[in-house]
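Below: the structure, in structure tokens.
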Amino acid sequence: MLCPTCGTEYEGGACPRGCQNFLLQEPQKKKRRSAWLLWLCLVFAGFVLGFLVGAYNVDNRQPYEGETSAERTYKYSCQILDIQTFTEKADRHVGTSYVFSGEVIEVLEPRDGWNTTVALRVQVTDGDKEGVLFATVECPTGAEPIVKGNTIHLYGTCKGTYEYQNDKGETVKLPKIDAVYYDLKK
């Protein structure tokens, strides 16, 4: 070969004098990308699309009567967790917001006239799994009273395992949730 820069004759891919002859060098082969990279990109795109569709649906759901957009947003941010896992590992979920539905089995009325916080024991059934949780609920003034037998949907923050003495003097341990919002069904 003849170097076009310095005129030196040589064999091989580069001039022995160090001239940079890009035109004479063999092009480098492109690295072939694996099929797994394509699949990874497709899965990622699916997650992004699912998130966008979910966010769109949350923002466009019609509110219930009297439900504010802040309440709707909070309710949709609550995670779903089966009652058995919640009961067994409540202390691992402290600070996380969850939604639970169940039947009110005991209502502990506020002892003083000005406090509107009500404590409840709620029987939650998830298919074949059952459990009881302890909940505190802030009842707005004039709200329908919560009574034994009501079906309640609780949206609130896990406070871990709660211990209290029942009427028989026994120590009871239940997972506790402080409800931020709730819905009642008779």
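Computation of the quantities below employed the complete heavy-atom set of this structure, encompassing side-chain atoms and omitting hydrogens, waters and symmetry-equivalent molecules. We number each residue from 1, following the sequence as shown.
Summarising the geometry, atom SG belonging to Cys158 is positioned 13.5 Å from atom NZ belonging to Lys89; distances are rounded to the nearest 0.5 Å. A distance of 10.0 Å separates CD1 of Ile83 from CD of Glu88, quoted to the nearest 0.5 Å. With values rounded to the nearest 0.5 angstrom, Glu106 atom CD is found 8.5 Å from Phe134 atom CZ. Considering CG of Leu120 and CD1 of Ile177, their distance stands at 11.0 Å, rounded to 0.5 Å. To the nearest 0.5 angstrom, Gln165 atom CD is 9.0 Å from Glu170 atom CD.
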Take Tyr182 and Ile146, measure what side chain to side chain contact (heavy atoms under 4.5 Å, CB included) needs, and give me the verdict at the end. CA-CA 10 Å; Tyr182 68 94; Ile146 301 171; 3.9 Å; yes
Candidate pair Leu133 and Leu154, rule side chain to side chain contact (heavy atoms under 4.5 Å, CB included), full reasoning: CA-CA 11 Å; Leu133 61 85; Leu154 299 165; 3.9 Å; yes
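The backbone N or O of Lys129 lies less than 3.5 Å from no partner atom in the side chain of Asp126, so there is not a single donor-acceptor pair. Between the side chain of Asn166 and the main chain of Lys168, a donor-acceptor pair closer than 3.5 Å is present. The closest donor-acceptor contact from the side chain of Asp91 to the backbone of Thr161 lies under 3.5 Å.
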Report, one line per pair, each donor and acceptor closer than 3.5 Å where one atom sits in a side chain of residues 94-105; sequence neighbours left out.
residue: Thr96; atom: OG1; partner: His93; partner atom: O; Å: 3.4
residue: Ser97; atom: OG; partner: Tyr74; partner atom: OH; Å: 3.1
residue: Tyr98; atom: OH; partner: His93; partner atom: ND1; Å: 2.7
residue: Ser101; atom: OG; partner: His153; partner atom: ND1; Å: 2.3

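Heavy atoms only, all atoms of each residue included: Cys78 and Gly156 are closest at SG-N, 4.3 Å. Residues Thr117 and Glu138 share a closest heavy-atom pair of OG1-OE1, 2.7 Å. The heavy-atom pair separating Tyr162 from Lys176 by the smallest distance is CB-CB, 3.7 Å.
Atom CD1 of Ile80 has 12 or fewer heavy atoms from other residues, nucleotides or ligands within 6.0 Å.
With contacts defined as side-chain heavy-atom distances shorter than 4.5 Å, the pair Asp183/Lys75 qualifies.
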